[in-house]
Amino acid sequence: MTSQTIRARFAPSPTGYLHVGGARSALFNYLFCRRNNGKFILRIEDTDIDRNIVGAEQKILDDLRWLGIDCDEGPGVDGAFGPYFQSQRRDTYDAACQKLLASGDAYYAFDTNEELDVLRKQAEAAKTGFKYPRPDPLPTAADADRARAEGRPVVVRFKVPDEAITIHDEILGDVTFAAGELDDFVIVKSNGWPTYHFAVVVDDTHMEITHVLRAQEHLGNTPKHVFIQRALGVPTPKYAHLPLVFNIDGTKMSKRDKHKAVRQGVKDAIKQNNMTDAQVVELTGASSDAVERWLKKKADAELSMDQVAKLAAAAGVTIPEIDVHDFRVSGYLPEALLNFIVLIGWSPGGDREKLTRDEMIELFSLDRINKTAGRFDREKLLAMNLDWCSAAPTERLVEAFKDWATLNDSHMAALDDATLGRVLDSCRGFRTLPDVVAKAGILFESDDAVVFDEKAVAKVLAKNDGAGFAMLESLLPQLESLEPWTAEAIEGFVKNICESTGSKMGDVAQPIRVAVAGRPVSPAIGDTLVFLGRDKTLNRIRRCLQQR
RNA sequence: GCCCCCAUCGUCUAGUGGCCUAGGACACCGGCUUUUCAUGCCGGCGACAGGGGUUCGAGUCCCCUUGGGGGUGCCA
């Protein structure tokens, strides 16, 4: 190791938002570095030019920032090892490739995808594993030029040594792969760009990465990387393969789950005649062919997320949160998400569970990482979010709520901080930020926006020959003159009514609540009326009386 | 097919050979509190996958079986 300092990295590819699994990898790397005074590096792996999505890296950066995971080197944070985009490091890969070609550790190959497909199918039919047949003798540079001239694709393959290899993993221990298991894999594609396996090794070397913490799905790739390192004559970093993160049903958590959930919901709706194929076509504005393919053949790409969202709304399906951004939009606190995620595959030991980022840093160690894959339990996340919301000071809640409200174009984004703080405090006990809107949002809409819930009206107002309505009627003039218009005064007023009429709080508060909110749910009655103000309160009660 | 990894309540986990008649949290069930909805509080249900070893002693070590997962791409 040329550097004594621990250096670890998170290396996402810019193909969309940051996935929670990726966020967990980023977090572990981050914690490991912070704990050990190391450097945390962010590198964008954009060697697959066709799959890159414009602006995706910015979204990933935003999500990491939202979570509070900051890097020491990376896009926008200069370091001595940049650039931090693989697309800007092409010459490095080319040089490394030339070196391997020159030493005979890599060679040119000219097979078309079709030819390879045929070989793979044959192998499958024969129930044997596919291994790329290494040509003998190996093609020369001249052969490569000739192939290129013929219009054949030219790639570079790594000549895998015929020897067993043992990987020492910091979490899993020694893992041995027998000789002859690997075949000669591609390191440079026909478009000249390196594959992941090659770029990752070259970059980790140049960036002097000392520790590679990555998902366990990469364990089987590690021999490839170590063989390349040996051929290049460079050191091997320490590896730590993190347990995977699954859905609650044990399937792999993926972006496809969103399509899957909505597809199922739409299918059910059609089956129950709540929806027709024609409606699906109309809703999405897509061609009926595209819709059919999406519906039947699981061709996710046929519909955009926007179109899928429309279908979800129509079919009454909730799209599952998969990306960090989804959880942000759903109204989770980043500190809760972070706390939840860190406990999948790691624990500080004992009964400790609730951890701030700083506590995680203090407690983090590689040897407490589990080997077992964990499931992403949304119920537990919800409970954890409630805990964090309950414990959060009002200012923090205001800040988080504004972020959420702005992101969701909520009408409550317009409220001033002081009001917002009081509203948030009056709703304490909520699980996610939108719960606050569900409970108190109506108080900040126009009076005509109040829709009276039939059941609530029947139960609270109309029952007993309209006892509730009568109550409201008698309350109205007193409310007109009540002074001062504060939560305490209003609560006191309601209590007085109870005492003088011998009724329970609910008998008085509920009719008022339904009158002003249309539903039997709102903050405490005093708070509810204060948020509304006297004029709107009276107006809404009068409007309600017309429902009689 | 082949290679690799994994295995404690439904879920996340504590447990690193005796402290384990296996602890906590979420969920679930029951009760209490409460002006609504939520909260909050109390209690309950509930696991070492199976079989062999090793050991005075195994959830903890070894082997097999079973089960789950990952890889086997000119994706990362």
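So you know, we letter chains A, B, ... as the sequences are listed, proteins then strands, and number each from 1. Just so it is clear, the values below take in all heavy atoms, side chains as well, and ignore hydrogens, waters and symmetry mates. Everything numeric in this text was worked out from a predicted model, so none of it was measured.
With B:rC5, B:rU36, B:rC75 as the candidates, the nucleotide lying closest to the side chain of A:Arg51 is B:rC75. Set against B:rC37, B:rG15, B:rU11, the side chain of A:Val521 has B:rC37 as its closest nucleotide. Nearest to the side-chain atoms of A:Asp351 among the listed nucleotides B:rG73, B:rC26, B:rG23 stands B:rG23. For A:Glu353, whose side chain is taken as the heavy atoms from C-beta onward, the closest listed nucleotide among B:rG24, B:rU8, B:rU36 is B:rG24. Relative to the side chain of A:Leu116, the nucleotides B:rA14, B:rG40, B:rC74 differ in distance, and B:rC74 lies closest. Comparing B:rA14, B:rC26, B:rU35 against the side chain of A:Asn370 picks out B:rA14 as the nearest. Candidate nucleotides B:rG15, B:rG73, B:rA76 were compared by shortest atom distance to the side chain of A:Arg368, and B:rG15 ranks first. Side-chain atoms of A:Lys439 lie closest to B:rA38 of the nucleotides B:rA38, B:rA76, B:rC6.
For A:Gln478, the CD atom sits in a packed shell: over 12 heavy atoms of surrounding residues, nucleotides or ligands are nearer than 6.0 Å.
Across every strand in view, B:rC56 sits in a pair with B:rG18 that passes the Watson-Crick or G-U test at under 3.5 angstrom. Base-pair partner of B:rG44: B:rC28 (Watson-Crick or G-U wobble, both distances under 3.5 Å).
Nearest-nucleotide positions on RNA chain B place A:Gly345 closer to the 5' end than the other of A:Gly345 and A:Ala509. Remark on RNA chain B: of its neighbouring residues A:Pro523 and A:Arg157, the 5'-side contact belongs to A:Pro523, judged by nearest-heavy-atom nucleotide.
As judged by a 4.0 angstrom heavy-atom cut-off over every strand, A:His241 is placed among residues making no nucleic acid contact. As judged by a 4.0 angstrom heavy-atom cut-off over every strand, A:Ile344 is placed among residues touching the sugar-phosphate backbone only. Base engagement by A:Glu491 is indicated by at least one non-hydrogen atom pair under 4.0 Å involving a base atom. Counting non-hydrogen atoms under 4.0 angstrom, A:Asp111 reaches a base of the nucleic acid. Here A:Arg120 lies in heavy-atom contact (under 4.0 Å) with sugar-phosphate atoms only. When heavy atoms are screened at a 4.0 angstrom cut-off, A:Leu182 is found touching no nucleic acid atom at all. Heavy atoms of A:Lys252 sit under 4.0 angstrom from primed sugar atoms or phosphate atoms, though from no base atom.
If you measure from atom NZ of A:Lys380 to atom P of B:rG10, you get 15 Å, rounded to the nearest angstrom. Between A:Lys224 atom NZ and B:rU72 atom P the separation is 6 Å, expressed in whole Å. Atom pair A:Asn339:CG and B:rA25:P shows a separation of 15 Å (rounding to whole Å applied).
Because its NZ or CZ atom is not both nearer than 6.0 Å to the ring centre of A:Tyr84 and within 45° of the ring axis, A:Arg43 does not count as a cation-pi partner of that residue.
Under 3.5 Å, the side chain of A:Asn221 and the base of B:rA76 form at least one donor-acceptor pair of N or O atoms. The base of B:rC74 has none of its N or O atoms less than 3.5 Å from a complementary donor or acceptor on the side chain of A:Thr195. A donor-acceptor contact under 3.5 Å is not formed by the side chain of A:Arg519 with the base of B:rU36.
A salt bridge does not link A:Asp63 to A:Lys59: none of the charged side-chain nitrogens sits closer than 4.0 Å to a carboxylate oxygen. A salt bridge links A:Lys380 with A:Glu353; the closest basic N to acidic carboxylate O contact falls under 4.0 Å.
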Practice task
Please test A:Arg51 against A:Asp48 for salt bridge (Lys or Arg N to Asp or Glu O under 4.0 Å), starting from the C-alpha separation and ending with a verdict.
Solution key: CA-CA 6 Å; A:Arg51 289 199 196 190; A:Asp48 191 348; 3.3 Å; yes
